[in-house]
Amino acid sequence: MNQFSVATWNVNSLKTRLAHLTDWLRVSPVDIVLLQETKCEDASFPTMELEAAGYNLSFHGQKSYNGVAILSKYPIDETITGLPGNEGDDQARYIESVISLPDGAVRVASVYVPNGSEVGSDKFAHKMRFYDALSTHLSSLFTSEEPVIIGGDFNVGAYPVDVYDPKALDGTVCYHADERAKFRTLLHQGWCDTYRALQPAMQQFSWWDYRANAYVRGHGLRIDYLLTNPAATDRLISSHIDESLRQKEKPSDHTPVVATFSD
DNA sequence: ATGGTGGCGGGGCCA
């Protein structure tokens, strides 16, 4: 059976994490990689290094902040940059590409939902609006007969099992009821949280704060997801969190989530 | 613990 694999990873600066990324891809040659927080302008994207690693590229960046990208071993066809319906927002947080696999096309997107800073702040309101635009756009992709896979840093833990201390964190940014409701709107549309679908009760995290020894203390959240529409869910084989990247020297504060599908 | 650490860029913002 032919398979393909997809990963999402918030690298927290692509240039700083480039060796981690290329080393990892040599050991774990994922077919499609969805990156967030590349933090580099398009003109300085490390195209040569990633093409040498065997990937076609689409990217959407800006200076210092945000930035998303798609790496694919298979040809990249059409690409959309910026979240449709959110045109007034000039932050580089969304890119969507169609990939030509040997036996058909899949549509993938890399999304970096705003962190929200602090509940009640202007940035939090921006996060809520971003979710509304994301829900609207994804609802238009959901019923597509082509497989659609949305990966990214959604900056929210969906359920109590997804955070290290749900009682203490309840009401704080990335685990406020309003954010959980926005994210679960996507699940209620029918998008499949691939990791949770295959590990219904397991507690693993995808992000740990750099501060206060959070990783060593197990103080993490699962805020990075690979979501699939029914056409992609039908092909889902496995999904897991690869914690090894968080254990490296000078790691990203996030670690990759990977899923495999039948082609 | 309104701290803590890390990236960018070269001070303060963002996470």
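These numbers come from the heavy atoms of this one structure, side chains and all, not from hydrogens, waters or symmetry mates. To find a chain, count down the sequence lines: A is the first, B the second, and so on, and within it residues start at 1. What you see is a predicted model; the values in this text were computed from it and never measured.
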Got a sec? Which of residues 13-23 of chain A come in under 4.0 Å of DNA chain B, heavy atoms?
A:Ser13, A:Thr16, A:Arg17
Where does the angle between the aromatic ring planes of A:Phe142 and A:Trp191 fall among parallel (under 30°), tilted (30 to 60°) and perpendicular (over 60°)?
perpendicular
Not counting sequence neighbours, which residues clear ring-ring contact (aromatic ring centres under 6.0 Å, His included) with A:Tyr225? List them please.
A:Phe154, A:Phe183
Pairwise 5' ranking along DNA chain B for A:Lys63 and A:His254, keeping only the more 5' one:
A:Lys63
How far does the P atom of B:dT2 sit from the matching atom of B:dG12, given to the nearest Å?
23 Å
DNA chain B-proximal residues of residues 207-214 of chain A, any heavy atom under 4.0 Å:
A:Tyr210, A:Arg211
Pairwise C1' distance, B:dA1 and B:dT5 [rounded to whole Å]:
15 Å
Could you measure between the two P atoms, the one in B:dG3 and the one in B:dG7, and give it in whole Å?
22 Å
Give DNA chain B the dot-bracket treatment, 5' to 3': Watson-Crick (N1-N3 with N6-O4 or O6-N4) or G-U (N1-O2, O6-N3) under 3.5 Å, [ ] crossing, | other strand.
....((((...))))
Identify whether any heavy atom of A:Tyr215 sits under 4.0 Å from a base atom; if not, whether one sits that close to sugar-phosphate; answer base, sugar-phosphate or nothing.
nothing
Is it the case that A:Ser58 and A:Ser97 place a side-chain donor and acceptor less than 3.5 Å from each other?
yes
Salt bridge (Lys or Arg N to Asp or Glu O under 4.0 Å) partners of A:Arg211, counting only residues at least two apart
A:Asp209
Applying ring-ring contact (aromatic ring centres under 6.0 Å, His included), can you list everything that pairs with A:Phe261, at least two apart in sequence or on another chain?
A:Phe4
Hey, what do you get for CG (A:Asp234) to OG1 (A:Thr228), rounding to the nearest 0.5 Å?
9.0 Å
In the hydrophobic clustering that connects Ile, Leu, Val, Met, Phe, Trp and Tyr at side-chain heavy-atom distances below 4.5 Å, which members other than A:Tyr65 occupy its cluster, ordered by chain and number?
none
Report which part of the nucleic acid A:Arg217 touches: base, sugar-phosphate, or nothing (heavy-atom distance under 4.0 Å, all strands).
nothing
Of A:Lys250 and A:Ser117, the one whose nearest nucleotide on DNA chain B sits closer to the 5' end is A:Lys250
Do the non-hydrogen side-chain atoms of A:His254 and A:Asn12 ever get within less than 4.5 Å of each other?
no
Does this structure show an ion pair linking A:Arg107 with A:Glu96, if we count only N-O contacts that are shorter than 4.0 Å?
yes
Expected list for residues 26-33 of chain A: side-chain donor-acceptor pairs under 3.5 angstrom, two or more places apart:
unit_1	atom_1	unit_2	atom_2	d
A:Arg26	NH2	A:Asp23	OD1	2.4
A:Asp31	OD2	A:Ser5	N	3.0
A:Asp31	OD2	A:Ser5	OG	3.4

Between B:dG9 and B:dA15, how many Å separate the two P atoms, rounded to a whole number?
15 Å
Among all residues two or more places apart in sequence or in another chain, which pass the side-chain contact (heavy atoms from CB on, under 4.5 Å) test with A:Asp122?
none
Mind checking ring-ring contact (aromatic ring centres under 6.0 Å, His included) for A:Phe124 and listing every partner two or more places apart, or none if nothing turns up?
A:His176
Under the salt bridge (Lys or Arg N to Asp or Glu O under 4.0 Å) test, which residues partner A:Arg222, sequence neighbours left out?
A:Asp162, A:Asp193
Nucleotide interval of DNA chain B bounded by contacts with chain A (heavy-atom cut-off, under 4.0 Å)
B:dG4 to B:dA15
